[in-house]
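Reading through the structure tokens given below for one structure.
Computed from a prediction, not measured in an experiment: that's the story for all the values here.
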Amino acid sequence: MSGSLTPIDQNRPADLTQAVHFGHNRPEASPATPGFVRSDVAFVRKVFNDKLVFADGNEVEYWSFKDPQDDKPFPATPIRVRQGQVVHTTLEPAINVHTIHHHGIEPSTFNDGVPDTSFTVNSHYTYQWRASRAGTFFYHCHRNAPLHVQMGMFGFLVIDPPTGPGQLYVGGPTYDVEAMWGTYDVDPFWRTYNHASGEKNAIAEGTRLNRFRPRYFTVNGVDAPQSLRSPKTTVRARVGQRVLLRHVTGAYFINVVRFPAALAAVLHMTDGEPLPVPTPVPGNVLTTTTAERFDLILTPQSVGTHTITYEFRNWLTNDLAGIATAHVLVS
């Protein structure tokens, strides 16, 4: 039966302290999954590093997760499931030790991927969780999270209703076209840190994770001068079609998102929860901060290239630091 919670391996340790020890030392481990059951869908995520190339010709390193069959995506390869499914996500870090935290899912503490309450994975671990509600979420590494997320270790996590894509949630809006756009600002200096920088004695080692000075501003790792030519930041639709925009704020600076009036943007969900009433975006401007997710329906009213502008504003001064763009190409 789909979603069965009958254990299929009774030999897994009941006393999990035999497999991993908790505590402030953030142990590295590859324990058995407690209460392991047969999944409805399973994923493997490997860790890799690569470089983003920006319009000025500079290259900046990033780390991320990928499906074994993928090349080197950014953001990480999406995880997509259906509401009600039991899901297994197996992490095979290979490069250093990491975790996967399925943000907004609320699994058991052992499967939550937060090192302070569980462990970092040094070989492999299968996270087990149930997709309890439809919506847009994301997953990320939670080891030394400020650094590792800034390095690029995050990706979309989409839960469709039981019927699959085409409707946002049971009883929610339907859509014809879909875009997943995540904002991301890049501080090249942070690439001088190592995986553990700031975890123990940041002052002594000279780590300044409280000093964030981004130089590049992107949607899905694509800066504005390259965005109109990239499939990662363009979506095609016809007049009157409903475009579902799944937004994740992977940026650290505040984002002010400006929608053209011709897209008639309507907000339906925030952080995986439906609004009581679908709400047109006030003044066509949406303000968002790190880790927030929004689901909007855009309904193009006219032919043309409709550009969504993402302002990145300093979190202390509100000064404009940079701009990224994405585009709805309407025929």
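Between the CZ atom of Arg313 and the OG1 atom of Thr289 there is a distance of 15.0 Å, given to the nearest 0.5 Å.
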N/O donor-acceptor pairs under 3.5 Å from side chains in residues 70-77, not counting sequence neighbours:
residue: Asp70; atom: OD2; partner: Thr77; partner atom: OG1; Å: 2.6
residue: Thr77; atom: OG1; partner: Asp67; partner atom: N; Å: 3.1

Please tabulate, one pair per line, all N/O donor-acceptor pairs under 3.5 Å involving side-chain atoms of residues 148-155, not counting sequence neighbours.
residue: His148; atom: ND1; partner: His98; partner atom: ND1; Å: 3.3
residue: His148; atom: ND1; partner: Arg143; partner atom: O; Å: 3.2
residue: His148; atom: NE2; partner: His195; partner atom: O; Å: 2.8
residue: Gln150; atom: OE1; partner: Asp187; partner atom: N; Å: 3.0
residue: Gln150; atom: OE1; partner: Arg191; partner atom: NH1; Å: 2.7
residue: Gln150; atom: NE2; partner: Asp185; partner atom: O; Å: 2.9

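Aromatic pair Phe65/Phe48: centroids not less than 6.0 angstrom apart. Two rings, from Phe312 and Tyr216, have their centers 6.0 Å or more apart. Ring centers of Phe137 and His103: at least 6.0 Å apart, outside the cut-off. Taking the six-membered ring where the residue is Trp, the centroids of Phe212 and Phe253 are separated by under 6.0 Å.
Ser108 and Asn111 share a side-chain donor-acceptor pair at under 3.5 Å. The closest side-chain donor-acceptor pair between Thr126 and Thr90 falls under 3.5 angstrom. Side-chain contact check for His247 and Thr249: at least one donor-acceptor pair (N or O, by modelled atom type) lies under 3.5 Å.
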Given side-chain contact (heavy atoms from CB on, under 4.5 Å), test Val114 with His101 step by step and report yes or no. CA-CA 7 Å; Val114 179; His101 172 67; 4.0 Å; yes
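Evaluation of the side chain to side chain donor-acceptor pair (under 3.5 Å) rule for Tyr127 yields no partner, not counting sequence neighbours. Legend: residues meeting ring pair (Phe, Tyr, Trp, His ring centres under 6.0 Å) with His268, ordered by chain and number and at least two apart, are absent. Contacts of Phe43 classified as ring pair (Phe, Tyr, Trp, His ring centres under 6.0 Å), with partners at least two apart in sequence or in another chain: none. Residues that satisfy the ring pair (Phe, Tyr, Trp, His ring centres under 6.0 Å) test with Phe294, not counting sequence neighbours, are absent from this structure. Applying the side chain to side chain contact (heavy atoms under 4.5 Å, CB included) criterion to Leu329, with sequence neighbours excluded, gives Leu228, Thr234, Arg236, Thr305, His327. Under the ring pair (Phe, Tyr, Trp, His ring centres under 6.0 Å) criterion, Trp129 pairs with His102, sequence neighbours left out.
Applying the salt bridge (charged side-chain N to carboxylate O under 4.0 Å, His left out) rule to pairs touching residues 209-229 yields Asp56-Arg215, sequence neighbours excluded. Note on residues 319-329: no pairs pass salt bridge (charged side-chain N to carboxylate O under 4.0 Å, His left out), not counting sequence neighbours. For residues 160-178, every residue pair satisfying the salt bridge (charged side-chain N to carboxylate O under 4.0 Å, His left out) rule, not counting sequence neighbours, is listed here: Arg80-Asp160, Arg80-Glu178, Asp160-Arg246, Glu178-Arg246. Residues in residues 254-264 take part in these side chain to side chain donor-acceptor pair (under 3.5 Å) pairs, two or more places apart or across chains: Thr183-Asn255, Arg258-Glu311.
Ser230 places no side-chain N or O within donor-acceptor distance of the main-chain N or O of Ser227, the cut-off being under 3.5 Å. No donor-acceptor pair closer than 3.5 Å links the side chain of Thr288 to the backbone N or O of Leu286. A donor-acceptor pair under 3.5 Å links the side-chain atoms of Tyr175 to the main chain of Gly166, judged by distance alone. Under the 3.5 Å distance criterion, the side-chain polar atoms of Glu273 are left unmatched by any main-chain donor or acceptor of Thr270. In this structure a side-chain-to-backbone donor-acceptor pair under 3.5 Å is missing from Arg82 to Ile159. With Ser30 contributing its side chain and His124 its backbone, the two residues share a donor-acceptor pair below 3.5 Å. Put simply, the side chain of Asn49 never gets that close to the backbone of Tyr62: no donor and acceptor are under 3.5 Å apart. In this structure a side-chain-to-backbone donor-acceptor pair under 3.5 Å is present from Gln128 to Gly35. Using modelled atom types, no side-chain atom of Asn220 and backbone atom of Ala326 make a donor-acceptor pair closer than 3.5 Å. Of the possible donor and acceptor atoms, none in the side chain of Thr120 sits under 3.5 Å from a partner among the backbone N and O of Pro115.
A heavy-atom distance below 4.5 Å is not found between the side chains of Asp295 and Leu245. Here the side chains of Ser118 and Asp112 are not in contact, with every heavy-atom distance at 4.5 Å or above.
By the 4.0 Å N-to-carboxylate-O rule, Glu92 lies close enough to Lys46 to be salt-bridged with it.
For Pro260 against Asn284, the heavy-atom pair with the smallest separation is O-OD1, 4.5 Å. Nearest approach of Pro300 to Val328, heavy atoms of both residues: CG-CG1, 4.4 Å. Of all non-hydrogen atoms in Ala196 and Asn144, the two that sit nearest each other are C-ND2, 3.7 Å. Across all their heavy atoms, Tyr139 and Arg45 have their closest contact at OH-NE, 3.0 Å.
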